[in-house]
2 protein chains.
Amino acid sequence: MSGDWRADKRARTRARIQEAALELFLEQGFDATTVARIAERAGVSHMTFFRYFPTKEDVVLQDGYDPMLEEMIRSRPAGEPPVTRIRTAVRDGLALVYDADRDALLARTRLLLSTPGLRAGLWENQEGTQRLFERALGGPDADGRSPLRVRAAAAACLAALVTALTAWVEGDGAEPLPDLVDEAFDALRAEFG
Amino acid sequence: MSGDWRADKRARTRARIQEAALELFLEQGFDATTVARIAERAGVSHMTFFRYFPTKEDVVLQDGYDPMLEEMIRSRPAGEPPVTRIRTAVRDGLALVYDADRDALLARTRLLLSTPGLRAGLWENQEGTQRLFERALGGPDADGRSPLRVRAAAAACLAALVTALTAWVEGDGAEPLPDLVDEAFDALRAEFG
DNA sequence: TTTTTTGTGTTAGTCAATAACATGTTACTG
DNA sequence: CAGTAACATGTTATTGACTAACACAAAAAA
């Protein structure tokens with residue numbers, strides 16, 4: 001088989017570029033770091049960089065959390081109200097990353113939220129997450145929910161998630177992230193109930 | 001006084017650039033239109049373009065709706081629940097633009113939502129709108145609402161607004177926009193109640 | 001009139017992103 | 001094993017957004 005070999009190498013090159021980029025971004029800031037410099041540190045040419053990541057922003061934006069989130073939503077009891085399933089899955093999924101990698105998550109999220117260019121890309125990137133929520137809301141037990149209703153609820157869940165992340169970063173990670181997620185979802189229940 | 005004369009001329013130049021840009025964007029698409037071409041049609045140099053708009057995206061993104069929205073929120077009865085005030089203000093404010101300028105609003109919104117670069121900038125731009133909602137929620141009668149709760153609710157309102165706009169564009173403007181805003185807010189009440 | 005302010009143009013530059021083409025390296029095939 | 005196809009990477013050149021430096025003109029203020 002050939003794929004194994006190549007896929008492995010590809011994955012390693014990809015990781016090397018991503019690490020080099022994150023280091024440089026944290027050292028000098030996103031805007032002050034050129035793609036050429038990242039490529040240099042990763043030991044590749046700037047063209048190779050763009051073959052792995054379509055834009056400079058994507059090096060930071062691509063997190064692979066969606067599959068895990070989807071799994072966590074699926075594993076929730078079927079009877080639960082959809083929004084609750086999403087809420088719990090988000091809280092517990094984030095808790096996993098939080099426990100394993102708190103500091104890295106904090107640094108990356110701070111970078112993401114404090115750099116205008118990256119913030120903008122964030123929402124673009126989370127279109128995937130929104131559709132994931134829509135599937136959870138409009139799936140099997142979508143009792144008469146209109147598409148608009150499904151989308152509005154999914155967008156609100158995403159808003160809660162991002163709000164929690166923002167508050168977490170602004171408090172410098174003092175409060176436990178999962179608690180903030182809970183608070184954000186509670187806020188929507190209280191305000192829209 | 002000097003300012004009057006100058007301010008007028010500035011405003012006219014600004015409007016000329018914005019019109020030229022919108023025309024070209026609708027004719028050829030956002031990406032296919034260069035700043036140089038916009039400047040040419042507006043009769044200015046490309047440097048002048050950037051003196052009026054910091055980025056190419058800002059020509060489309062800058063709508064001046066926030067002051068009107070703020071006024072409409074303020075003019076709501078004080079006893080009303082904050083989310084209802086926002087909801088009504090958004091619906092009625094949008095209805096004003098809708099009645100006066102439906103086709104232009106549709107074209108501009110479609111352009112905004114269908115161009116990746118502009119979509120990304122949308123959220124960045126609406127940070128102002130979100131803070132406006134936060135003022136409405138956390139203002140005088142913020143009975144024990146935590147900052148996080150205020151922000152989560154404001155973000156959800158914004159999500160409802162954008163969801164309604166998206167649905168409106170996707171349906172090619174068939175449904176009246178104000179109705180969609182109502183539906184989106186109803187969805188949140190139903191889903192989070 | 002002189003001086004300063006303000007708006008604009010010109011020119012030259014940086015940097016992200018794309019395209020075209022060359023090269024080396026690994027995998028298949030006879 | 002020779003040869004060829006497939007793939008990853010590099011080199012070079014180009015476009016286009018955006019910035020900085022400096023020059024110039026016209027109107028405002030002195």
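A, B, ... follow the sequence lines: proteins, then strands. Residue 1 opens every chain.
Ion pairing between A:E27 and A:R41 holds under the 4.0 Å rule for side-chain N and carboxylate O.
For B:V35, whose side chain is taken as the heavy atoms from C-beta onward, the closest listed nucleotide among C:dC15, D:dA17, D:dT9 is D:dA17. Comparing C:dG9, D:dT11, C:dA16 against the side chain of A:K56 picks out C:dA16 as the nearest. Listed nucleotides D:dA17, C:dT18, C:dC15 differ in distance to A:H46; the shortest reach to its side chain belongs to C:dT18.
The main-chain N or O of A:L118 is never found under 3.5 Å from a side-chain atom of A:T115 such that the two would form a donor-acceptor pair.
Of the N and O atoms on the side chains of B:R131 and B:Q126, not one donor lies less than 3.5 Å from an acceptor on the other residue. Judged purely by distance below 3.5 Å, without hydrogens or angles, the side chains of A:Q62 and A:R14 pair a donor atom with an acceptor atom.
When rounded to the nearest whole Å, the span between CZ of A:F50 and P of C:dA16 equals 7 Å. In this entry the distance linking CZ of B:F30 with C1' of D:dG16 reads 12 Å, nearest Å. The separation between A:D31 atom CG and C:dA16 atom P is 9 Å, rounded to whole Å. The interatomic distance linking A:L24 (CG) with C:dC15 (P) rounds to 14 Å, in whole Å. Put simply, CZ on A:F53 is 16 Å from C1' on D:dT9, counting in whole angstrom units. Atom C1' of nucleotide D:dA21 and atom CE of B:M47 are separated by 10 Å, given to the nearest angstrom. Remark: C1' of D:dT9 and NZ of A:K9 are 9 Å apart, rounded to the nearest angstrom. Residue B:R37 contributes atom CZ, which lies 17 Å from atom P of D:dT15 at whole-angstrom precision.
Look at A:T13 and you'll find a side-chain N or O under 4.0 angstrom from OP1 or OP2 of D:dT9. Phosphate contact (OP1/OP2 of D:dA8, side-chain N/O of A:T48, threshold under 4.0 Å): absent.
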Evaluate the criterion salt bridge (charged side-chain N to carboxylate O under 4.0 Å, His left out) for residue pair A:R91 and A:D179; output intermediate values, then yes/no. CA-CA 8 Å; A:R91 195 225 301 130; A:D179 293 357; over 6 Å; no
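Below the 3.5 angstrom threshold, one finds a donor paired with an acceptor across the side chain of B:R51 and the base of C:dG9.
Heavy atoms of B:R10 sit under 4.0 angstrom from primed sugar atoms or phosphate atoms, though from no base atom. Contacts of B:Y52 with the nucleic acid, taken as non-hydrogen atoms under 4.0 Å apart, involve only primed sugar atoms and P, OP1 or OP2.
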